[in-house]
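Reminder, nothing fancy here: chain letters follow the sequence lines and each chain counts from 1.
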Amino acid sequence: MSEVKKEYLNFIEEIIEEDIASGKHNARVHTRFPPEPNGYLHIGHTKAICINFETAQKYGGKTNLRFDDTNPTTEDTEFVESIKKDIKWLGFDWEGEALFASDYFQNLYDFAVMLIKKGLAYVDDSTPEQIAEQKGTPTKAGTHSPFRSRSIEENLDLFTRMKNGEFKDGSRVLRAKIDMAHPNMHMRDPLLYRIKHETHHRTGDEWCIYPMYDFAHGQSDSIEEITHSLCSLEFRHHRELYNWLIEQLGIFPSRQIEFARMNVAYMITSKRRLKKLIAEGLVSSWNDPRMPTISGMRRRGYPAAALRNFCDKAGVAKRENVIQYELLEACVREELNKTTDRVMGVLNPVKVVIKNYPEGQVEQMEVVNNPEEEIPTKRTMPFSKEIYIERDDFKEEAPNRKYFRMAPGRNVRLKGAYIVHCEGFEKDANGEVTEIHCTYYPDSRSGSDTSGIKAKGTLHWVSVEHAIEAEVRIYDRLFTDETPDKHEDKDFLEFYNHDSLDTIEKAYLEPSLQNASPGTQYQFMRLGYFCVDETSTKEQLIFNRTTTLRDSWAKKNKS
RNA sequence: UGCCUGAUCGUAUAAUGGUUUAAUAUUCCUGACUUUGACUCAGGAGAUGAAGGUUCGAAUCCUUCUCAGGCAACCA
């Protein structure tokens with residue numbers, strides 16, 4: 001137990017530990033998660049959430065939830081609520097109330113005035129096209145706006161009038177005065193404020209000018225005295241501006257650190273594309289169990305703990321990555337294996353008649369709920385003369401010695417019940433097996449087996465008379481390609497997996513599931529993990545397949 | 001073709017000039033166990049982009065090259 005494992009730090013933790021060692025910010029660690037309330041959180045956000053919250057947690061620090069709501073055109077309070085819900089569900093709690101960049105609009109405005117007074121910002125009357133033109137290209141220096149040299153007084157006056165609503169949308173912007181020939185495009189007199197006569201979801205019509213990301217995010221970090229502002233690699237080029245503004249404004253020096261965002265095979269995270277899937281009717285909604293959204297994964301039955309573990313295992317670094325879908329599934333199984341009750345359900349049934357079992361007799365068989373529990377609990381399942389087994393578990397002829405499911409002449413154990421011997425079967429005109437005939441060994445009852453008969457295979461089953469019906473939705477990956485959105489020549493929809501949903505209208509489940517409540521997760525023995533859909537009712541039970549069990553037999557048979 | 005990143009088993013992360021036959025997880029392959037072909041356990045396969053250089057010693061430092069990604073929204 002005293003084994004000391006060497007703990008490795010990721011590059012962010014290294015920076016933090018250096019800062020702590022040097023006493024920076026009094027060794028305080030304070031991070032933030034800054035979503036824009038314009039959509040639903042997805043697997044990529046999950047990673048950002050885990051990094052921000054867990055890193056702070058590790059060093060006894062705090063994490064703010066701050067909505068980056070500086071664009072009234074796209075944002076809505078509806079998303080604020082769903083984002084909060086998702087973060088809480090993931091198992092994290094932010095410091096104090098949720099914060100909003102919009103709460104700082106006045107501070108930000110004052111900062112802008114400060115910059116103007118320092119001669120570091122100017123009001124530009126150029127059109128969007130002209131400004132784009134002025135920016136130049138990565139290989140060609142930009143040119144100065146004709147309005148660049150306005151006097152401080154004129155800029156102050158114009159900016160005040162911008163705020164007062166005297167100008168139309170798009171007619172003027174506030175720009176930082178930096179360097180139009182800068183090798184970093186973001187330093188070529190970036191836009192700070194634009195005019196938008198629009199109602200903001202929180203500030204209403206109080207403002208008609210709104211700060212751009214670069215003039216809101218870093219400043220908000222400073223206002224909140226965020227010590228380590230963790231974001232994804234795409235903001236690398238913004239860092240120079242982030243630091244420039246902090247320096248010019250003389251405000252709290254938050255530090256931006258970029259990490260590579262997590263990509264997961266067979267998943268996409270582009271909001272635009274996700275939206276398109278819904279618009280085209282390829283998925284039902286934002287929380288369709290196939291969606292890579294947090295709400296979708298929750299409905300699919302992925303436990304929060306599994307998602308957190310997945311992000312941890314994926315690691316943190318600065319290089320591009322595509323995490324295997326298998327790792328996600330492994331994490332989901334690891335968690336569900338520990339927590340779910342084992343139940344029996346037959347998805348594709350074939351009837352078995354046990355010829356020597358007394359007509360009308362019903363026995364209550366005791367089965368363990370979850371063998372992983374320290375003190376396993378039990379329940380009972382009715383057993384009778386006619387049962388259903390999985391069609392896949394029967395073959396008209398056993399293919400080889402390695403096959404140990406049901407076939408004429410073979411013995412198999414019915415889980416928790418008896419060993420049966422297969423005598424024969426009936427087929428219909430189409431050659432489909434309609435009924436299997438077996439005999440059972442009365443002294444082979446589970447728990448008190450004195451028969452001495454050995455059966456290599458064990459099958460799940462349900463009693464025909466007692467089984468309940470349910471709809472079962474079999475989900476598979478949404479795309480057939482690992483990186484559907486990374487093909488220059490092909491649209492991502494070309495890789496849509498048309499078999500990503502297979503609805504089984506009538507599956508037969510053991511009666512104990514009658515009262516299964518939405519959200520509850522189970523392991524359907526030998527089939528996989530399933531969870532009760534949020535729309536499920538007692539009258540119409542609906543189960544979603546979260547994922548299958550590992551199946552080395554199926555794998556072996558494929559080749 | 002200006003600037004910035006990055007490159008280690010199939011995938012992801014680690015090794016911070018020397019405990020190094022480059023580790024761990026996942027994946028894959030064997031086998032054991034099993035009233036879930038699950039779980040668990042045991043074993044195995046598999047990598048330092050290339051070329052030079054510094055050094056007693058390089059995945060690690062230097063040079064050049066190669067490859068991949070990012071940057072020019074009144075989005076964030």
For a quick check, tell me whether the side chain of [X] and the base of [N] share a donor-acceptor pair closer than 3.5 Å.
X        : N     : value
A:Arg413 : B:U35 : yes
A:Arg236 : B:U5  : no
A:Ser446 : B:U35 : yes
A:Glu258 : B:U5  : no
A:Arg550 : B:G37 : no
A:Glu320 : B:U5  : no
A:His237 : B:A72 : no

Should [N] form a Watson-Crick or G-U wobble pair with both distances under 3.5 Å, which nucleotide is its partner?
N     : answer
B:C67 : B:G6
B:G37 : none
B:C56 : B:G18
B:A23 : B:U13
B:U30 : B:A42

Check the phosphate of [N] against [X], side-chain N and O only, distance under 4.0 Å to OP1 or OP2. Yes or no?
X        : N     : result
A:Arg188 : B:C3  : no
A:Lys556 : B:G37 : no
A:Ser552 : B:A38 : yes
A:Lys318 : B:A12 : no
A:Thr70  : B:A76 : yes
A:Arg194 : B:C75 : yes
A:Arg526 : B:G37 : yes

Under 4.0 Å, counting only non-hydrogen atoms across every strand here, what does [X] touch: a base, just sugar-phosphate, or nothing?
X        : value
A:Gly447 : base
A:Pro371 : base
A:Gly457 : nothing
A:Asn184 : nothing
A:Leu191 : base
A:Lys402 : base

From [X] atom [atom1] to [Y] atom [atom2], the distance as rounded to the nearest 0.5 Å:
X        : Y        : atom1 : atom2 : result
A:Lys163 : A:Arg161 : NZ    : CZ    : 13.5 Å
A:Arg413 : A:Ser444 : CZ    : OG    : 5.5 Å
A:Arg236 : A:Cys231 : CZ    : SG    : 10.0 Å

> Pick the nucleotide of RNA chain B nearest each of A:Ser448 and A:Phe235; which residue has the one closer to the 5' end?
Replying inline: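 Per heavy-atom nearest nucleotide, the more 5' residue is A:Ser448.
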>> Check this for me: A:Arg148, atom CZ, are more than 12 non-hydrogen atoms of other residues, nucleotides or ligands nearer than 6.0 Å?
In response: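 Buried by this count: over 12 neighbours within 6.0 Å.
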> More than 12 heavy atoms of other residues, nucleotides or ligands under 6.0 Å from CD of A:Glu234: is that the case?
Replying inline: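 Enclosed.
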Between [X] and [Y], does the ring centre distance come in under 6.0 Å?
X        : Y        : answer
A:Phe235 : A:His217 : no
A:His200 : A:Phe105 : yes
A:Phe524 : A:Phe530 : yes
A:Tyr242 : A:Phe215 : no

> Would A:Glu363 and A:Tyr418 satisfy side chain to side chain donor-acceptor pair (under 3.5 Å), going step by step from the backbone distance to the final call?
Replying inline: CA-CA 11 Å; A:Glu363 287 180 88; A:Tyr418 297 97; 2.6 Å; yes
> Can A:Tyr8 be called stacked on B:A14 when the rule is centres closer than 5.5 Å and an angle between planes below 30°?
Replying inline: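 Answer is no, no stack.
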Can you tell me, in whole Å, how much space there is between the [atom1] of [N] and that of [M]?
N     : M     : atom1 : result
B:U11 : B:A51 : C1'   : 28 Å
B:U26 : B:G43 : P     : 14 Å
B:U66 : B:C41 : P     : 48 Å
B:U24 : B:G70 : P     : 34 Å
B:G37 : B:G46 : P     : 32 Å
B:C65 : B:G10 : C1'   : 27 Å
B:G18 : B:U13 : P     : 22 Å

Interatomic distance, [X] [atom1] vs [N] [atom2] [rounded to whole Å]:
X        : N     : atom1 : atom2 : answer
A:Phe404 : B:C33 : CZ    : P     : 12 Å
A:Arg410 : B:U35 : CZ    : C1'   : 18 Å
A:Glu234 : B:C4  : CD    : P     : 20 Å
A:His186 : B:A72 : NE2   : C1'   : 8 Å
A:His238 : B:A73 : NE2   : C1'   : 10 Å
A:Leu549 : B:U34 : CG    : P     : 19 Å
A:Arg175 : B:C74 : CZ    : P     : 9 Å
A:Glu390 : B:U36 : CD    : P     : 17 Å

Looking at [options], which one has an atom nearest to any side-chain atom of [X]?
X        : options             : result
A:Ala317 : B:U36, B:U13, B:C75 : B:U13
A:Pro183 : B:C3, B:C71, B:G37  : B:C3
A:Ala330 : B:U26, B:C39, B:A72 : B:U26
A:Glu14  : B:A14, B:C39, B:A15 : B:A15

> Near RNA chain B, which residues from residues 160-168 of chain A have a heavy atom under 4.0 Å away?
Replying inline: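 Correct list: empty, so none.
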> Checking ring pair (Phe, Tyr, Trp, His ring centres under 6.0 Å) against A:Tyr193, which of A:Phe159, A:Tyr210, A:Trp207, A:Phe111 comes through?
Replying inline: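 That would be A:Phe159; it is the only one of A:Phe159, A:Tyr210, A:Trp207, A:Phe111 passing the ring pair (Phe, Tyr, Trp, His ring centres under 6.0 Å) with A:Tyr193.
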